[in-house]
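Because the structure is a prediction, the values reported are computed rather than measured.
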Amino acid sequence: MKAEGPAMTAPLPASNPLAPPLCDAQGRRMTYLRLSVTDRCNFRCTYCSPASWGGKKDLLDAGEFERIVSVFARMGIRRVRLTGGEPLARPDILDIARRIAAVPGVEHLAITTNASRLESLAGPLRDAGVTQLNLSLDTLSAEVFRRISKQGDFDAVLRGIDAAAGSGYQSLKLNVVVMRGINDAEVPELVKYAHARGITPRFIELMPFGQGTPVPTAELLERLAASGRVLTEEPPESAASPTSGPARYWSTDSGRVGFISPLTQNFCGGCNRVRVASNGDLRSCLGGRAQAPLHQLIRGGATDEELAVAVRRALGEKPEGHRFTEAGNGATLLPMMGIGG
């Protein structure tokens with residue numbers, strides 16, 4: 001399935017490569033940077049981190065992450081999300097967060113985390129400038145949790161989520177990857193759990209990176225309706241908004257519910273995201289090949305202008321859509337933790 005949208009040629013190089021806007025080959029404006037700070041994790045979730053994953057070498061340090069974000073911010077990036085692996089596994093995560101939150105032009109700093117270390121870090125991260133947390137929890141069953149995560153601490157995750165809920169964040173979201181026959185029956189209870197803590201749950205169709213069978217969003221909506229919830233679809237956020245993302249939201253009497261549907265409701269036409277892996281490799285699309293070795297450029301003495309040119313060249317090769325569902329897709333799909341969740 002290809003994304004819908006106008007076919008456009010790659011943007012011409014800017015006379016000043018650092019000047020916004022930052023656009024891809026389709027003319028979509030990039031305002032959102034997903035920055036992986038590590039590809040290590042204390043979990044081994046079946047859909048994200050295969051046991052064979054050994055990790056990258058030469059991960060960037062806090063100063064290099066700050067340099068990359070400052071270049072992107074000058075080009076028009078306004079929202080940064082720190083991902084992994086598990087970003088809180090970095091011993092210097094508070095330093096990284098403080099540096100990035102202070103970069104001129106960055107208006108929103110978010111972190112996606114499995115919450116296992118949030119009991120002690122929720123408050124310090126907020127004080128460091130983090131405005132939003134996305135908390136990963138796929139089940140309310142300790143047994144199913146062990147089956148999915150392999151080695152995660154279920155009780156620590158629940159304590160971390162409660163700590164986040166009491167720490168005064170602007171936004172908290174609960175990310176649930178739904179897998180048929182594993183956790184799909186828990187959707188109504190996960191909504192209840194999240195709303196009781198002032199958190200917005202978001203249900204994600206499993207992407208083709210690991211094990212498991214996806215469940216279409218339409219089926220999940222039917223399950224919620226059957227559980228007695230009245231759902232009203234909200235209008236999609238503007239793609240030009242720096243806080244917009246791939247989720248579509250429905251309102252209920254107890255709060256919002258979000259769905260991220262990369263397979264059945266392709267959202268590539270409104271993409272505003274660019275990804276940088278923990279070793280500095282820019283990847284223009286989650287399912288594509290176009291890359292730029294920003295780490296090599298930085299360590300080779302490249303100027304900010306040269307980094308910007310490399311970014312624009314890679315985005316000039318960004319495909320129309322991820323094409324996960326197309327037969328014969330030749331894109332090299334790394335494990336999710338290798339790309340940055």
Side-chain angles (χ1 to χ4, degrees), residues 33-45 48-73 79-103 106 108-137 149-169 172 175 275-283 294-296 298-299 334-341:
L33 172 64
R34 296 182 66 95
L35 179 64
S36 175
V37 296
T38 181
D39 60 354
R40 276 72 168 180
C41 186
N42 53 332
F43 292 6
R44 277 292 180 267
C45 296
C48 177
S49 52
S52 60
W53 179 249
K56 297 185 178 75
K57 301 186 183 303
D58 296 327
L59 303 187
L60 300 185
D61 62 31
E64 290 169 325
F65 285 128
E66 181 184 14
R67 170 96 185 276
I68 285 174
V69 171
S70 68
V71 169
F72 274 104
R79 182 184 186 188
V80 178
R81 175 173 299 282
L82 305 183
T83 70
E86 170 48 43
L88 304 194
R90 290 269 315 213
D92 57 348
I93 187 61
L94 292 175
D95 183 35
I96 292 171
R98 276 191 292 266
R99 286 171 178 255
I100 292 175
V103 170
V106 173
H108 305 273
L109 176 59
I111 291 182
T112 295
T113 172
N114 63 28
S116 64
R117 303 186 181 192
L118 270 181
E119 185 176 15
S120 62
L121 285 174
L125 285 168
R126 181 207 58 218
D127 295 341
V130 177
T131 57
Q132 175 185 314
L133 293 177
N134 282 12
L135 314 165
S136 297
L137 179 67
S149 72
K150 303 300 183 185
Q151 59 191 45
D153 186 332
F154 183 59
D155 291 335
V157 170
L158 297 184
R159 292 195 304 269
I161 291 173
D162 285 340
S167 294
Y169 282 90
L172 292 174
N175 286 348
R275 296 171 182 269
V276 174
S278 53
N279 68 345
D281 279 337
L282 180 150
R283 200 173 183 97
L294 301 184
H295 58 305
Q296 294 179 16
I298 288 174
R299 293 174 182 179
L334 294 173
M336 179 62 85
M337 69 186 300
I339 301 170

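The pair D155-R159 fails the salt-bridge criterion, with no side-chain N (NZ, NE, NH1 or NH2) lying under 4.0 Å from an Asp/Glu carboxylate O. The pair E86-R117 does not meet the salt-bridge criterion, since no charged nitrogen lies less than 4.0 angstrom from a carboxylate oxygen.
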Problem set entry | Worked verdict on D92 versus F65 for side chain to side chain contact (heavy atoms under 4.5 Å, CB included) | CA-CA 12 Å; D92 57 348; F65 285 128; over 6 Å; no

Exercise. Given the rule in the side chain to side chain contact (heavy atoms under 4.5 Å, CB included) test, do L135 and L118 qualify, once you have shown the distances and angles that lead to the verdict?
Worked result: CA-CA 10 Å; L135 314 165; L118 270 181; 3.3 Å; yes

Problem set entry | Residue pair S278, D39: steps toward the side chain to side chain contact (heavy atoms under 4.5 Å, CB included) verdict | CA-CA 6 Å; S278 53; D39 60 354; 3.9 Å; yes

Exercise. Can you check side chain to side chain contact (heavy atoms under 4.5 Å, CB included) on D58 and H295, steps first, answer last?
Worked result: CA-CA 9 Å; D58 296 327; H295 58 305; 5.9 Å; no

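Looking at L59 and V37, their side chains never come closer than 4.5 Å, going by heavy atoms from C-beta outward. Under the 4.5 Å side-chain criterion, counting only non-hydrogen atoms from C-beta, V80 is in contact with I100. Counting heavy atoms from C-beta outward, F72 and L294 have side chains that approach closer than 4.5 Å. Side-chain contact between N42 and N114 is present, with at least one heavy-atom pair separated by less than 4.5 Å. The shortest distance between side-chain heavy atoms of E66 and V103 falls below 4.5 Å. Contact check for L172 versus Q132: no side-chain heavy atoms found under the 4.5 Å cut-off. A 4.5 Å side-chain heavy-atom check between L137 and F154 finds at least one atom pair inside the cut-off.
To the nearest 0.5 Å, atoms OG1 (T113) and CG (L88) are separated by 3.5 Å. For the atom pair R81 CZ and N134 CG, the distance stands at 4.0 Å (nearest 0.5 Å). In this structure, I161 CD1 and S116 OG are separated by 10.0 Å, a value rounded to the nearest 0.5 Å. With values rounded to the nearest 0.5 angstrom, T131 atom OG1 is found 11.5 Å from L125 atom CG. To the nearest 0.5 Å, atoms CG (L60) and CZ (R90) are separated by 8.0 Å. Here CD of E64 is found 10.5 Å from CD1 of I96. Values are rounded to the nearest 0.5 Å.
The nearest pair of heavy atoms linking A73 to V106 is CB-CG2, 4.3 Å. When every heavy atom of S36 is checked against every heavy atom of G84, the shortest pair comes out as OG-CA, 3.7 Å. For D95 against A62, the heavy-atom pair with the smallest separation is OD2-CB, 3.5 Å.
Between V69 and the choices L82, L35, L109, V276, the side chain to side chain contact (heavy atoms under 4.5 Å, CB included) rule is met once, by L35.
In terms of modelled atom types and a separation under 3.5 Å, the side chain of D153 and the main chain of A156 share a donor-acceptor contact. A donor-acceptor pair is defined here as one N or O able to donate and one able to accept, closer than 3.5 Å; such a pair exists between the side chain of R126 and the backbone of S167. The backbone N or O of A164 lies less than 3.5 Å from no partner atom in the side chain of Y169, so there is not a single donor-acceptor pair.
Side-chain N/O atoms of T112 and N175 include no donor and acceptor closer than 3.5 Å.
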